[in-house]
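Just follow the structure's listing: the first ligand is 1, and inside any ligand the first atom is 1.
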Amino acid sequence: MRASQQDFENALNQVKLLKKDPGNEVKLRLYALYKQATDGPCNMPKPGMLDFVNKAKWDAWNALGSLPKETARQNYVDLVSSLSSSSEAPSQGKRGADEKARESKDILVTSEDGITKITFNRPTKKNAITSQMYRDIILALKNASTDNTVMAVFTGTGDYYCSGNDLTNFTSATGGIEEAASNGAVLLRDFVNSFIDFPKPLVAVVNGPAVGISVTLLGLFDGVFASDRATFHTPFSQLGQSPEACSSYTFPKMMGSAKAAEMLLFGKKLTAREAWAQGLVTEVFPENTFETEVWTRLKTYAKLPPNAMRISKELIRKNEKEKLYAVNAEECTTLQARWLSEECMNAIMSFVSRKSKL
Ligand SMILES: CCCC/C=C/CC(=O)SCCNC(=O)CCNC(=O)[C@H](O)C(C)(C)COP(=O)(O)OP(=O)(O)OC[C@H]1O[C@@H](n2cnc3c(N)ncnc32)[C@H](O)[C@@H]1OP(=O)(O)O
């Protein structure tokens, strides 16, 4: 039976109402995550144009691409718990593209203009990342992967982008050093996996010097915009450590083995322009116009069709994912052993006691 013009208009109105109700969006997200967690990637035949309800379900499920079942299950649990906590605290209001999502002390998370902005906010320590900050970032990325923002952007408060791992994470840990190294390896693996799995465009706005893990992670980003004041430094050998965040794979692939070795083995610090020449940075901007130019650009990108961007990212990343998980796991095992080595302990003690600075 052919749909009349009236049927068609009724259906269009129904869709407008469906779209206006944020509850439906949440229901669709729950549906998609549940299907992904139980059945894996979307195996539902594409519904017809006028089958609006199933089309919305298909779109939501299909947009998850090849998100691993484990991650989908975790996202489902997180979404349900965030819903139950928001119903316990109705005064907090709904999360949306133009509202502040949540705040922790050292990691700020805000959502505006379709962009989730995640800010390293510990300027007195050059934005060094504590264990709690790793956990806050994992959570922020999980939330941003299923909320209604279009992309996520990392930046730093103050003169630094980030000085990497807080070198006192190990010296201040309670319990033995072996336990600290083992916990650190698990945290690092989960942290890096959350970048590998992030389904939307991920951009770094590198406002100043970047050190260690804040540099290596950039190999998993889709865009890196740097101020000409930024530098890129991975002093792993100096610290008795080894590369992480899949950089032992992404850096040689990106810049060739000689240049990767210069950074990862010999700890050469690159200027923003050198990092651009090696393909680590997308574009370098003069410091005095950096913020204005970059944010104007990002707001334009955030208006692009979100599903197209997710699907394209999925295509780009798809064939690499298993490799990235494996590299991440191996790097974490190697680092766990490095953290227990004399070379590493001496380097950390030397930093903590300020006998020398890198
Ligand atoms: C569990 C997951 C593990 C993942 C592993 C990742 C590996 C890495 O990320 S390795 C890279 C580690 N980072 C570093 O080696 C950088 C160490 N910091 C420095 O070399 C210098 O502080 C600096 C070059 C970043 C800045 O030097 P500057 O002279 O301008 O300032 P400072 O007076 O040194 O710093 C101010 C303040 O900040 C503290 N701080 C800076 N960076 C760190 C850090 N990474 N960890 C801990 N604390 C840091 C510094 O101690 C100062 O604190 P005080 O004012 O309290 O002395």
Side-chain angles (χ1 to χ4, degrees), residues 106-107 120-138 154 156-175 177-196 204 206-220 229-248 250-251 263-271 327-341 343-358:
D106 298 328
I107 293 294
F120 299 111
N121 186 43
R122 208 179 162 224
T124 55
K125 299 284 180 184
K126 308 291 181 193
N127 298 327
I129 313 174
T130 60
S131 301
Q132 185 55 47
M133 288 164 75
Y134 287 109
R135 288 191 281 271
D136 287 344
I137 292 171
I138 293 174
F154 278 76
T157 301
D159 59 341
Y160 261 65
Y161 173 67
C162 172
S163 64
N165 187 42
D166 187 308
L167 293 173
T168 65
N169 279 342
F170 293 113
T171 52
S172 59
T174 52
I177 179 77
E178 294 203 348
E179 189 186 332
S182 161
N183 292 341
V186 172
L187 180 61
L188 178 61
R189 198 200 55 214
D190 291 350
F191 177 74
V192 174
N193 277 343
S194 68
F195 285 79
I196 297 173
V206 187
N207 54 298
V211 187
I213 191 164
S214 70
V215 176
T216 51
L217 274 175
L218 298 175
L220 298 172
R229 212 174 51 76
T231 52
F232 298 81
H233 191 199
T234 49
F236 299 131
S237 300
Q238 287 85 337
L239 289 166
Q241 299 191 23
S242 51
E244 77 287 285
C246 299
S247 59
S248 61
T250 57
F251 277 30
M263 286 191 81
L264 300 177
L265 264 60
F266 306 130
K268 182 182 176 190
K269 189 195 288 186
L270 301 193
T271 62
V327 171
N328 181 26
E330 194 176 357
E331 287 177 345
C332 292
T333 309
T334 308
L335 255 178
Q336 183 177 344
R338 282 278 87 213
W339 288 328
L340 300 175
S341 72
E343 288 178 346
C344 180
M345 286 187 196
N346 286 342
I348 291 178
M349 290 324 293
S350 162
F351 176 78
V352 171
S353 61
R354 295 295 191 286
K355 278 182 203 137
S356 71
K357 276 186 183 175
L358 292 162

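Tyr161 and Phe120 have perpendicular rings, their planes meeting at more than 60° on a 0 to 90° scale where under 30° would count as parallel.
Taking any N or O of Asn169, backbone or side chain, none lies under 3.5 Å from an N or O belonging to ligand 1. Below 3.5 Å of separation, one finds an N or O of Leu167 facing an N or O of ligand 1. Here's the thing with Tyr160: none of its N/O atoms is less than 3.5 angstrom from an N/O atom of ligand 1. No N or O atom of Phe351 sits closer than 3.5 Å to an N or O atom of ligand 1. Checked by distance only, ligand 1 and Lys125 come closer than 3.5 Å through their nitrogen or oxygen atoms.
In the candidate list Val186, Leu187, Asn165, Asn165 is nearest to atom 8 (C) of ligand 1, counting heavy atoms.
Counting the atoms of ligand 1 from 1 in the order shown, those under 4.0 Å from a heavy atom of Trp339 are 3 (C).
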Evaluate the criterion side chain to side chain contact (heavy atoms under 4.5 Å, CB included) for residue pair Leu218 and Phe232; output intermediate values, then yes/no.
-> CA-CA 10 Å; Leu218 298 175; Phe232 298 81; 3.7 Å; yes
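Contact annotation: Leu239 has at least one heavy atom less than 4.0 Å from an atom of ligand 1. By the 4.0 Å heavy-atom criterion, Thr124 is counted among the residues contacting ligand 1. Within the 4.0 Å heavy-atom shell around ligand 1 one does not find Phe191. Within the structure, ligand 1 lacks Phe170 among the residues with a heavy atom less than 4.0 angstrom away.
For the atom pair CD1 (Ile107) and OH (Tyr134), the distance works out to 10.0 Å, reported to the nearest 0.5 Å.
For Asp190, the side-chain contact (heavy atoms from CB on, under 4.5 Å) test picks out Ile138, Val186, with sequence neighbours left out.
For residues 156-172, the salt bridge (charged side-chain N to carboxylate O under 4.0 Å, His left out) pairs, not counting sequence neighbours, are Arg122-Asp166, Lys126-Asp159.
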